Amino acid sequence: MAKKESKAKKDTGKKTLTVCEATQQMIDLSQKKGITTVFDRAAAMKPCPIGAEGSCCKNCSMGPCRVPPSKKEGEPQKVGVCGATAETIAARNFARMVAAGSAAHSDHGRGVAEVFLLVAKGGIPGYSIKDVQKLLRVGMDFGLDVENMDIPELAIKVGELCVAEFGKQEGEIAFAKRAPLKRQELWRKHNMFPRGIDREIVELMHRTHMGVDQDYKNITTQAARAALGDGWGGAMIATELQDIMFGTPVPITGSINLGVLKEDEVNIIVHGHEPLLSEMIVVACQDPALVEYAKSKGAKGITLAGMCCTANEILVRHGKPIAGNFLQQELAIITGAIDALVVDVQCIMQAIKETAQHFHTEVITTSPKAKIEGARHIQFEEHDPVNTAKQIVRAAIDNYPNRKGKITIPQITQDMVVGFSHETINYLLGGTFRASYRPLNDNIIGGRIRGIGGVVGCNNPRGVHDDDHLKVIKELIKNDVIVLTTGCAAMACGKAGLLLPESAKEYCGSGLAEICETVGIPPVLHLGACVDNSRILIAATAVVKEGGLGDDICDLPAAGAAPGWMSEKAIAIGHYFVASGFYTLFGTTFPTTGSKKYTDYLFNGLEEEWGGMWDFEPDPVKLAQKMIAHIDKKRKELGIDKARERVLMDMEMRRELDAG
Ligand code: BF8
């Protein structure tokens with residue numbers, strides 16, 4: 001194995017950009033070569049302060065109107081030309097982020113559902129039904145008589161029902177009925193139970209059009225309905241059907257960071273989000289004929305690595321290595337070793353095409369929804385994914401002899417254990433003989449585990465790459481909070497060694513360390529890609545249903561965070577977490593601070609109405625401490641705070657006890 005990830009770069013007087021040594025090496029190289037990256041562009045372009053705080057309305061051509069907070073005492077707060085108040089404008093901007101984020105996940109889910117239906121009808125070579133147990137469970141959730149249906153018939157029915165969830169006009173989306181009953185009642189009471197996935201997004205866009213909904217609370221409620229349609233709808237459909245087609249993840253080892261690339265092999269990176277094509281590229285890269293073809297071009301073989309959430313998908317199901325997270329996409333090209341950078345949708349910087357001009361790298365777009373000017377387009381043909389995948393792999397191999405200049409791959413990788421689906425957590429943290437959440441609940445009640453933290457989301461060059469995630473998570477596990485992670489946050493943990501069981505000894509409080517040692521799990525559980533935040537909703541619901549920790553998600557000693565968020569999808573996820581009852585903190589920046597009234601509503605007002613609420617804390621350690629304070633508040637409300645006091649022993653005390 002190559003050299004392990006080490007601590008942050010030493011202070012050289014320059015602003016620290018990353019705590020990932022491989023990333024730092026490539027930033028240095030990019031600067032030496034005069035190639036601009038996201039880090040340079042972020043330094044050169046400061047965020048627009050009015051836009052950043054949600055105080056700019058550009059929803060009609062009477063504006064754009066700017067309504068920043070009044071600077072002087074007594075100065076009246078500005079309103080838009082139409083009279084829209086700062087809180088209405090902030091709410092509209094926020095809601096439109098929710099709409100876009102929900103649309104992104106849900107369109108991913110729709111694509112998966114459509115392909116699933118074709119597979120169920122027997123129409124696509126290469127795909128199959130791998131997890132029959134999950135298919136049966138999903139069928140039951142739709143109220144189907146699964147006992148009297150054969151598997152092909154059931155799969156077709158499930159496919160049809162999932163596709164229909166997107167365009168449904170009335171009723172309630174099916175998977176939201178998996179939530180605790182009390183939560184469902186609350187959604188009904190507040191008129192935020194999603195009817196159909198698309199409908200809620202369309203209605204949200206309508207309501208935020210000029211001159212429609214002008215009540216910030218009402219806008220926020222519809223934003224919740226759209227976001228819940230994402231978390232308990234589009235994203236959950238994506239997760240469930242991907243699991244059924246490609247297999248539900250189980251713990252598997254993998255490795256991460258730019259060092260997974262190989263100088264003497266054809267290197268293909270799959271970057272983006274939807275696993276439909278990447279699953280087939282995994283297969284194509286193992287095709288003996290293509291491996292031979294690669295050798296005929298002088299390469300020793302083919303290395304396939306992932307980037308961003310596609311990386312999480314092929315990692316958790318196939319153990320394929322991850323080249324890096326969001327902020328490493330241009331840096332991978334700068335190694336000079338990428339023969340094809342294959343992208344589909346979401347989180348793909350347009351800059352990769354420009355960066356690739358300096359090297360031989362071929363940027364290949366594959367989705368009709370996401371083309372890049374100047375990039376080669378090989379369309380993913382869902383009726384024939386095997387051939388599309390082979391065509392792409394062949395293109396990468398053909399490009400291998402075109403490499404020019406020196407190859408510079410940072411010799412840094414880190415091993416990790418990933419693939420903790422809800423089903424696996426149920427099994428591992430549950431009973432040896434019968435899978436259940438009982439032992440997990442008992443350990444929370446007994447205080448060995450103080451609570452559950454969900455730490456997810458992006459990298460943002462406005463902060464220090466990976467640093468916020470790691471500081472938050474280390475503070476949580478030090479205080480016995482077990483962490484569930486997804487997306488680029490999960491990759492930050494992987495690079496830092498937090499996804500290894502051994503890390504428990506080094507970083508955890510005594511209670512959590514004991515559990516991790518006994519069960520043999522890392523203190524930070526990698527649950528997958530961003531659509532797999534739906535797994536956190538399911539896990540939280542399972543904890544509620546197991547009993548002893550309240551009867552709704554908002555009763556749990558749990559909290560969520562996205563310390564380095566940047567995308568609209570993150571806002572959608574945050575809003576469905578809040579509407580599902582979680583206290584949810586974002587770092588870096590918060591998009592409504594231009595309106596104190598609106599921000600107060602999100603941070604304080606919502607708790608009374610929904611049980612969950614938003615918060616913002618740019619300091620990662622303080623952010624973690626706020627999560628812990630919330631967890632302790634919930635422990636107190638549940639009457640289990642005393643239990644924890646009895647087990648509050650640090651490592652020193654344990655050693656003394658052992659010695660005594
Ligand atoms: O969906 S964490 S930067 S890769 S948006 Fe994007 Fe953010 Fe990464 Fe995955 Ni999620």
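Just so you know, residue 1 is the first one in the sequence shown, and it goes up from there. Both ligands and their constituent atoms are indexed starting at 1 by order of listing. Every value quoted in this text rests on a predicted model; they were computed, and no experiment measured them. The analysis underlying the following values was restricted to heavy atoms, covering all of them including side chains, and did not include hydrogens, waters or symmetry mates.
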Excluding water, the protein N, O or S atoms sitting under 2.8 Å from atom 8 (Fe) of ligand 1 are Cys488 SG
Would Glu240 and Arg178 pass as an ion pair if we require N to O under 4.0 Å? yes
Test your reading of the model: is there a side-chain donor-acceptor pair from Asp131 to the backbone of Gly247, 3.5 Å cut-off? no
Exam field: side chain Thr361 to backbone Ile338, donor-acceptor pair closer than 3.5 Å: yes
Could you list the residues that satisfy side-chain hydrogen bond (donor to acceptor under 3.5 Å, both in side chains) with Thr355, not counting sequence neighbours? none
Indicate yes or no: does an N/O atom of His273 lie under 3.5 Å from an N/O atom of ligand 1? yes
Does ligand 1 have any atom sitting under 4.0 Å from a heavy atom of Met566? yes
Is the centre of the Trp614 ring less than 6.0 Å from the centre of the Phe586 ring? yes
Would you call the rings of Phe94 and His575 parallel, tilted or perpendicular if under 30° counts as parallel and over 60° as perpendicular? perpendicular
Would the distance check show the side chain of Arg462 and the main-chain N or O of Ala42 forming a donor-acceptor pair, the cut-off being under 3.5 Å? yes
Which atoms from ligand 1 have a heavy atom of Lys569 less than 4.0 Å away? 1 (O), 5 (S), 9 (Fe)
